[in-house]
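These notes concern the structure reproduced below.
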Amino acid sequence: MSTERYNPRDTEPRWQQAWTEKRAFEARHDPSRPKYYVLEMFPYPSGRIHMGHVRNYTMGDVLARYRRALGYNVLHPMGWDAFGMPAENAAIERGVHPKSWTYDNIAAMRGQLKSLGLSLDWSREFATCDPSYYRHEQEMFVDFIKAGLVERKVSMVNWDPVDQTVLANEQVIDGRGWRSGALVEKRELAQWFLKISDYSEELLTALDDLKTWPEKVRLMQANWIGRSEGMRFAFTLEDDNGKQVGDKLTVYTTRHDTIFGASFCALSADHPLVRELEPALPGLAEFRREVAALGTSEESIERAEKKGFPLKLYARHPFRPEVRLPVYAANFVLMGYGEGAIFGCPAHDQRDLDFARKYGLPVIPVVAPKGTDPSQFAVGDEAFLEKEDDQTVLINSDFLDGMTVPEAKEAIARRMETAGMGERKVNFRLRDWGVSRQRYWGCPIPVIHCGKCGVVPVPKKDLPVTLPEDVTFDRPGNPLLHHPTWKDTTCPSCGGKARRETDTFDTFIDSSWYFARFCSPQAPIPVDRAEAKYWMPVDQYIGGVEHAILHLLYSRFYARAMTLTGHLDLKEPFASLFTQGMVVHETFRTAAGEWVLPAEVARAGEGYVHARTGEKITTGGIEKMSKSKKNVVDPEAIIERYGADTARWFVLSDTPPERDIEWTENGVEGAFRFVQRVWRLVADIQQKGASPGTKAPAGIAGDALELRRTTHLAVQAMTEDLGALRFNRGIARIYELANALQAALQKNDLDDGMRFALREAGEAFVVLMAPMMPHLAEECWQVLGHKTLVVDRPWPKADPALTVSDEVTIAVQVNGKRRDEIRLPKGLPNAKVEAAVLALDNVKRALDGKPVRKVVVVMDRIANVVSG
RNA sequence: GCCUCUGUGGCGGAAUGGUAGACGCGGCAGACUCAAAAUCUGUUGCUCGCAAGGGCGUGGGGGUUCGAGUCCCUCCAGGGGCACCA
């Protein structure tokens with residue numbers, strides 16, 4: 001037995017180099033082989049990898065290596081989601097140029113990822129901030145414009161008046177700018193939009209076909225798209241004196257059945273009619289300002305009170321000419337949805353009810369449980385909402401009385417359609433995708449504004465529009481706008497003086513097609529169709545749930561948009577999706593409440609102290625690793641101390657991959673101990689087992705046969721587990737096999753059968769663990785006397801003759817309680833099992849003389865004796 | 001508020017409606033050692049019992065079934081998503 005300890009610091013770089021020299025992971029288009037494209041969400045180059053990356057990329061790597069061993073032509077690329085605000089923040093705070101900051105970070109992170117031993121095709125690497133990448137993004141955008149997928153429209157942004165800059169929603173904290181602390185205003189700005197809402201229906205229905213996506217993600221997307229079926233119809237309006245005014249008021253509703261319960265109409269504060277009335281109605285301007293200000297404040301914490309402003313207009317009820325509904329501007333009606341106007345039915349909508357109570361409007365119930373006396377049914381402070389299984393009918397509703405809600409909806413829809421008053425309408429919650437960002441570190445939007453010709457796309461021959469490098473961050477606002485010359489250009493159409501668009505793209509655009517670019521990263525066009533046809537779709541995409549909606553929905557839209565413009569030929573980019581859980585860790589803090597890094601904490605009896613100061617440390621909750629709470633463990637330090645294989649093994653062990661995993665010191669040490677144990681085991685096997693290539697001797701029986709069975713069962717189980725991404729279970733199989741090997745090695749005087757079984761088990765053991773601990777596996781493979789590499793080794797196949805046994809253990813129950821077990825030949829007929837079971841002493845005792853009513857036998861599994 | 005997922009030993013977690021707790025962590029005991037670490041062996045859901053052998057047990061309650069961690073109803077707790085979408 002070897003007494004040497006396994007030293008990952010020595011072996012890991014060696015094997016990484018061996019793989020690189022062999023170009024083992026470079027993928028080449030080969031139509032004769034089945035392909036497998038495994039992709040993990042590419043990282044933002046923050047400068048250091050974190051444990052979340054380790055977990056994400058290890059999972060992908062296990063799949064890539066496993067599929068490779070199965071004979072697939074595997075594509076497993078890596079790149080950088082390199083545009084974004086942190087680079088600009090670094091520029092502002094530390095005076096580093098975003099470009100050098102980004103590329104330095106990439107270099108650092110690339111090194112860290114390489115030390116993990118990932119089977120990545122680095123020859124396909126790119127960063128989204130490379131002009132050679134984003135030029136294609138610009139080209140496609142120009143094509144999107146031509147295809148009618150792009151729109152320029154006015155939209156509200158969060159404006160920081162001190163920093164003179166536009167803020168993302170997450171930069172607005174309690175209504176104030178995160179940096180300046182100034183009260184954030186809403187401003188209207190002309191911006192670029194991609195018309196994702198054209199695909200609302202399509203993106204929704206196609207979710208049904210994404211069968212290997214997590215149900216949760218599909219649901220989240222479906223909710224986000226938010227399809228609803230309703231009606232659009234118009235009210236005639238009149239003024240205070242009952243005189244009809246020119247405008248009609250169009251509203252959208254999904255509860256047209258409740259029309260007889262209507263008691264008011266409400267318009268969004270941004271509704272065109274409200275804007276029109278503003279000058280004429282004193283106080284309305286202020287009301288509108290108030291509503292606008294509310295949008296950015298902490299209203300999400302406490303629901304804002306329903307407020308309205310009477311517009312001195314009245315809507316004539318379509319079926320009750322004698323009823324006039326007062327019209328309000330209201331703070332709870334959204335301009336961006338439906339018509340920006342509603343009718344309020346307080347009895348059956350909580351918001352409408354709150355509003356009606358505040359302004360003393362009538363509350364007329366029109367839906368009630370079946371059999372309720374309409375004159376007795378009243379609504380208090382809670383709106384009556386019909387539940388799906390409720391037996392409800394319409395009341396107080398003229399020709400609808402007695403109908404169920406669906407019947408009433410249908411009746412109203414018919415009546416309105418025939419009368420030409422309105423029509424059925426499907427609405428979606430999903431809005432168009434605003435892609436303009438008033439930032440420097442992003443892909444320039446390739447359009448030119450000309451005084452004469454309007455907006456003109458940059459001709460493709462002039463692409464890319466590159467970012468100027470001589471920019472300064474010493475004053476607030478967009479450096480592109482401040483740049484002395486960059487924006488000055490000539491109009492491609494008329495040749496006159498013109499101005500470049502100074503907005504850049506939302507970085508979600510960069511990540512909406514990178515997976516396609518990986519198929520042909522050097523191509524002179526965005527995507528080489530032949531390459532994409534072979535490699536796409538991504539067979540297995542892996543990332544965090546936090547991207548369940550935006551990134552994945554945008555990518556699905558982009559695939560369609562690219563297909564429409566001839567850049568791709570598929571609709572769904574990710575055939576299978578897996579969302580892995582986070583890495584969490586206990587939090588530590590001092591008595592003063594300061595967070596302390598786990599690395600600075602030492603155990604002291606039951607509690608913890610600060611490793612340097614000796615100060616008492618208290619533990620807090622187990623939370624997602626975050627810099628702010630300092631509960632982070634640096635992967636580099638872990639790799640330095642234990643090696644990459646230990647880190648990889650740990651993040652795969654124990655916890656199912658979709659759940660959050662708790663990082664613990666004990667766990668890592670356990671993983672490291674196992675690495676050492678494998679090392680000793682393999683050395684022992686090499687010494688005691690048969691030599692490599694030895695044929696199976698005849699007549700293997702007893703313990704040797706059992707070991708062979710265990711081996712082949714492990715192969716079978718591992719194959720199933722990895723195929724289903726059940727890494728934690730796969731690891732348990734490896735432990736089981738290790739335990740079996742260790743037990744077998746205890747014995748002395750090993751016969752040829754056992755020596756063969758040890759060799760077979762040992763080699764299978766190494767190959768099975770290789771996807772998870774690739775370096776250790778290579779090193780062990782050598783110890784086992786091989787000159788080849790494990791990465792070139794095919795995945796083992798289980799011999800069916802060894803995975804089935806001719807005897808089975810059958811559990812014996814009496815009245816559903818387990819009383820005994822019995823070994824019987826496999827496939828024994830039920831009658832014989834019954835007889836054998838009834839003869840058992842334990843069964844007789846449990847029956848205690850009671851007569852047997854029947855015996856339930858499930859072949860090879862269980863027998864249940866039921867007594868009277 | 002609506003929509004969702006999850007509740008199993010001290011802990012992470014296994015378990016096609018068929019022997020609950022695989023495997024790991026931790027604990028306990030032993031071997032080796034002058035000793036410790038490392039390693040190896042055994043043991044480890046709770047409980048009654050000297051033992052043989054019982055009883056209880058998958059968040060609570062109910063149901064379906066010969067049999068429920070698993071299916072159905074209901075309640076409770078925790079996590080996630082959306083949050084004035086009419």
Side-chain angles (χ1 to χ4, degrees), chain A residues 1 3 5 214-217 219-224 226-228 230-231 251-256 258 266 294 299-300 303-304 306 330-345 348-352 354-355 382-383 385 427-431 545-546 548-549 649-650 653-656 658-662 664-671 673-674 676-677 680 717 726 728-739 742-743 746 809-822 842 845-846 853-867:
Chain A
M1 192 202 269
T3 50
R5 269 163 77 87
E215 189 57 38
K216 176 172 62 169
V217 173
L219 244 161
M220 280 162 72
Q221 291 212 354
N223 290 341
W224 185 261
R227 184 181 195 275
S228 72
M231 287 207 75
V251 298
Y252 176 74
T253 182
T254 55
R255 290 305 304 273
H256 30 293
T258 64
L294 220 74
E299 52 132 358
S300 53
R303 261 192 193 191
K306 306 281 171 287
N331 64 349
F332 66 95
V333 181
L334 302 175
M335 192 57 226
Y337 186 78
E339 301 296 321
I342 60 154
F343 77 78
C345 176
H348 307 291
D349 183 293
Q350 194 58 48
R351 297 158 299 180
D352 295 350
D354 295 346
F355 191 81
E382 264 180 46
L385 307 171
N427 253 325
F428 294 93
R429 219 188 67 108
L430 181 66
R431 311 286 159 79
V545 248
E546 63 272 23
I549 299 174
W649 188 253
F650 176 81
S653 309
D654 296 345
T655 304
E658 68 278 7
R659 281 198 221 170
D660 291 352
I661 188 172
E662 191 194 347
T664 62
E665 188 71 8
N666 273 340
V668 192
E669 275 170 3
R673 274 201 304 274
F674 184 67
Q676 299 297 342
R677 186 175 161 212
R680 290 189 302 270
R726 291 186 296 230
N728 58 318
R729 288 213 327 196
I731 281 188
R733 310 292 181 199
I734 301 268
Y735 276 113
E736 275 169 342
L737 189 53
N739 291 344
Q742 194 146 341
Q746 292 296 309
T809 306
I810 288 178
V812 179
Q813 297 181 337
V814 176
N815 293 324
K817 292 202 173 189
R818 182 185 162 276
R819 295 295 163 179
D820 207 342
E821 60 182 39
I822 185 171
N842 281 344
R845 179 154 11 107
R853 188 147 58 91
K854 66 170 170 173
V855 180
V856 181
V857 178
V858 179
M859 187 175 278
D860 296 343
R861 298 208 77 109
I862 200 162
N864 188 12
V865 181
V866 185
S867 71

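Protein chains get the first letters and strands the later ones, always in sequence-line order, with residue 1 at the start of each. On a predicted model such as this, the values are computed, not experimentally measured, just so you know.
Here A:Arg861 pairs with nothing under the side chain to side chain donor-acceptor pair (under 3.5 Å) rule; sequence neighbours left out. Here A:Ala222 pairs with A:Leu204, A:Leu207 under the side-chain contact (heavy atoms from CB on, under 4.5 Å) rule; sequence neighbours left out. Residues forming a side-chain contact (heavy atoms from CB on, under 4.5 Å) with A:Asn223 (at least two apart in sequence, or on another chain): A:Leu219. Listed by chain and residue number, A:Trp649, A:Tyr735 satisfy the ring-ring contact (aromatic ring centres under 6.0 Å, His included) test with A:Phe674 (two or more places apart in sequence, or in another chain). Applying the side-chain contact (heavy atoms from CB on, under 4.5 Å) rule to A:Asn427 yields the partners A:Ser228, A:Tyr252, A:Tyr337, A:Lys425; only residues at least two apart in sequence or on another chain are considered. By the side chain to side chain donor-acceptor pair (under 3.5 Å) test, A:Gln676 pairs with no residue at all, sequence neighbours left out. Under the rule for a side-chain contact (heavy atoms from CB on, under 4.5 Å), the partners of A:Ala330 that lie at least two apart in sequence or sit in another chain are A:Ala266, A:Phe332, A:Val333, A:Phe355.
With B:A22, B:G13, B:C84 as the choices, the nucleotide that has an atom nearest any side-chain atom of A:Asn728 turns out to be B:G13.
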I'd like a table of atom pairs between the protein and nucleotides 47-53 of chain B - only N or O on both sides, under 3.5 Å - with the distance next to each one.
| from | atom 1 | to | atom 2 | distance (Å) |
| --- | --- | --- | --- | --- |
| B:G53 | O3' | A:Arg845 | NH1 | 3.3 |

Which atom pairs link the protein and nucleotides 36-45 of chain B when you take only N or O atoms and keep those under 3.5 Å?
| from | atom 1 | to | atom 2 | distance (Å) |
| --- | --- | --- | --- | --- |
| B:U39 | O3' | A:Arg680 | NH2 | 3.2 |
| B:C40 | OP1 | A:Gln742 | NE2 | 3.2 |

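A:Arg429 comes within contact range of at least one nucleobase, with a heavy-atom separation under 4.0 Å. Using a 4.0 Å heavy-atom cutoff across all strands shown, A:Val333 reaches at least one base atom of the nucleic acid. A:Asn739 comes within 4.0 angstrom of sugar-phosphate atoms only, judged by non-hydrogen atoms across all strands, and of no base.
Looking at A:Asn815, its side chain does come within 3.5 Å of a backbone N or O of A:Ser867 through a donor-acceptor pair.
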